[in-house]
Amino acid sequence: MITETFDNQSQAIINPCRKENAPRVDACIMTFSFTIEEFVLANYECRKIASLWSATGETPVYGIGYKGKQFAFFKTYVGGPACVGMIEDTLSDLQTEKYVVFGGAGCLNKEIAHGKVMIPTEAYRDEGTSYHYVPASDYITVKNANTVAQFMEENGLPHIKGKTWTTDAIYRETRNNFEKRKADGCISVEMECAALQAVCDFRGLDFYTFFTSGDLLDAPEWDSRQKEGQTEGTQHDTGHFDIALELARYVVE
């Protein structure tokens, strides 16, 4: 069974192996949005410092100098397995212990304002990747939620804390499962958080995350809550990179 797949008694067949010339950065920032990637390349002085390779091709990793700190930045893939795999790959190509990951999430509570930053405190493990990194449980604790919330508070950014539902199957978010997760206190649904926290726990890394409140599930019919071409208040809101960059600086100082 999937709940029995965590194995810390034998060695993995494939392991990350750090390259001798891997650049040192203070933190690594990851987004899922191609729009934000384009914004960063157009508005910040970026230099390519590494390349992550897979069958889909190259994922460039960029270095950004900001207020005396050095950060890595790249666009990752959607979904727990691919996103975790890319973090594992960075263990060969970068030297860092801190990861700031941000993106959109579905909203499970219509009382939450559109565009408000959501900070997950625990992630329901309705996916497979995390079970290979930490022992089975219904939820995994998002350890640095209070740090992220403190940063938002100090900077006057509207936010809300709550549980999240991490699932592998966006087209199988059924009404019954939605009701169960909402009743359990989940305020968001996404595809990566539980897996990302698990790999960071396993590898001894610090994981910081926040979500943009995107589409609404808490309605008679699914509501994308996004007009054609709209980016503000969505997962493609470029202002959220500025938040992530300041958060990265906050956690390394």
Side-chain angles (χ1 to χ4, degrees), residues 16 18-54 56-78 82-105 115 117 119 144 147-148 150-159 192 196 199-200 203 205-212 214 229-253:
R18 180 157 290 148
K19 298 174 182 176
E20 289 185 4
N21 61 345
R24 177 77 192 181
V25 293
D26 294 295
C28 181
I29 303 170
M30 298 164 56
T31 185
F32 301 90
S33 168
F34 69 93
T35 301
I36 291 176
E37 181 188 45
E38 291 173 352
F39 167 81
V40 172
L41 295 180
N43 290 277
Y44 288 85
E45 187 173 334
C46 301
R47 68 192 190 284
K48 188 165 75 169
I49 59 173
S51 294
L52 309 179
W53 288 92
S54 69
T56 57
E58 178 191 17
T59 296
V61 180
Y62 300 99
I64 301 173
Y66 182 72
K67 296 184 178 179
K69 303 297 180 182
Q70 294 295 320
F71 300 111
F73 165 77
F74 68 92
K75 180 188 67 179
T76 186
Y77 295 113
V78 172
C83 193
V84 164
M86 298 196 85
I87 283 189
E88 292 277 40
D89 286 343
T90 65
L91 300 181
S92 297
D93 290 277
L94 298 174
Q95 297 185 63
T96 191
E97 293 79 38
K98 298 182 185 297
Y99 290 79
V100 174
V101 186
F102 68 104
V117 170
I119 302 169
N144 290 315
T147 300
V148 177
Q150 182 177 337
F151 163 80
M152 300 294 176
E153 186 71 28
E154 291 180 9
N155 287 275
L157 297 168
H159 62 279
E192 299 87 14
L196 289 172
V199 68
C200 287
R203 297 296 185 189
L205 307 171
D206 292 319
F207 171 55
Y208 306 87
T209 191
F210 63 89
F211 308 144
T212 302
Q230 176 187 351
T231 57
E232 185 177 355
T234 74
Q235 64 180 320
H236 301 296
D237 190 331
T238 56
H240 289 167
F241 175 77
D242 297 326
I243 295 175
L245 190 57
E246 284 291 345
L247 174 60
R249 186 173 71 92
Y250 181 85
V251 300
V252 301
E253 290 188 336

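Atom set for the values below is all heavy atoms of this structure, side chains included, hydrogens, waters and symmetry mates excluded.
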Treating S51 as the side-chain partner and E58 as the backbone partner, does any N or O pair qualify as donor plus acceptor under 3.5 Å?
no

Measure from the side-chain N and O atoms of D26 to the backbone N and O of F71, and report whether any donor-acceptor pair falls under 3.5 Å.
no

Centroid-centroid under 6.0 Å between F241 and Y44 rings:
yes

Shortest non-hydrogen contact from [X] to [Y]?
X	Y	answer
T212	H240	OG1-ND1, 2.7 Å
D237	I36	O-CD1, 3.6 Å
Q70	G65	NE2-CA, 3.7 Å
A248	A27	CB-CB, 4.3 Å
Y208	K98	OH-NZ, 3.6 Å
T209	V101	OG1-O, 2.7 Å

Which is it for E37 and Y62 under the side-chain hydrogen bond (donor to acceptor under 3.5 Å, both in side chains) test, yes or no, and what are the steps along the way?
CA-CA 10 Å; E37 181 188 45; Y62 300 99; 4.8 Å; no

Hey, mind stepping through C28 and F74 against side-chain contact (heavy atoms from CB on, under 4.5 Å) and telling me if it holds?
CA-CA 8 Å; C28 181; F74 68 92; 3.5 Å; yes

Determine whether [X] and [Y] make a side-chain contact, defined as any pair of heavy atoms from C-beta on separated by less than 4.5 Å.
X	Y	value
Y250	T147	yes
I49	V25	yes
V251	D206	no

Quick one: pull up [atom1] in [X] and [atom2] in [Y] and give me the separation to the nearest 0.5 Å.
X	Y	atom1	atom2	answer
D93	E88	CG	CD	12.5 Å
M86	T59	CE	OG1	3.0 Å
F207	M30	CZ	CE	8.5 Å
I243	F102	CD1	CZ	9.0 Å
L247	I29	CG	CD1	8.0 Å
T76	E192	OG1	CD	8.0 Å

Before you tell me yes or no, could you show the steps for T238 and E38 under side-chain contact (heavy atoms from CB on, under 4.5 Å), namely the whole-Å CA-CA distance, both residues' side-chain angles and the distance that decides it to 0.1 Å?
CA-CA 9 Å; T238 56; E38 291 173 352; over 6 Å; no

Determine whether T90 and L52 satisfy the following criterion, side-chain contact (heavy atoms from CB on, under 4.5 Å), listing intermediate values before the conclusion.
CA-CA 7 Å; T90 65; L52 309 179; 4.0 Å; yes

Between T56 and S54, is a side-chain hydrogen bond (donor to acceptor under 3.5 Å, both in side chains) present by the stated rule, with each step listed?
CA-CA 5 Å; T56 57; S54 69; 2.8 Å; yes

Using side-chain contact (heavy atoms from CB on, under 4.5 Å), reason through L205 and L91 one step at a time and then give a plain yes or no.
CA-CA 10 Å; L205 307 171; L91 300 181; 4.1 Å; yes

A quick test of your reading: do over 12 heavy atoms of other residues, nucleotides or ligands sit less than 6.0 Å from CD of E45?
no

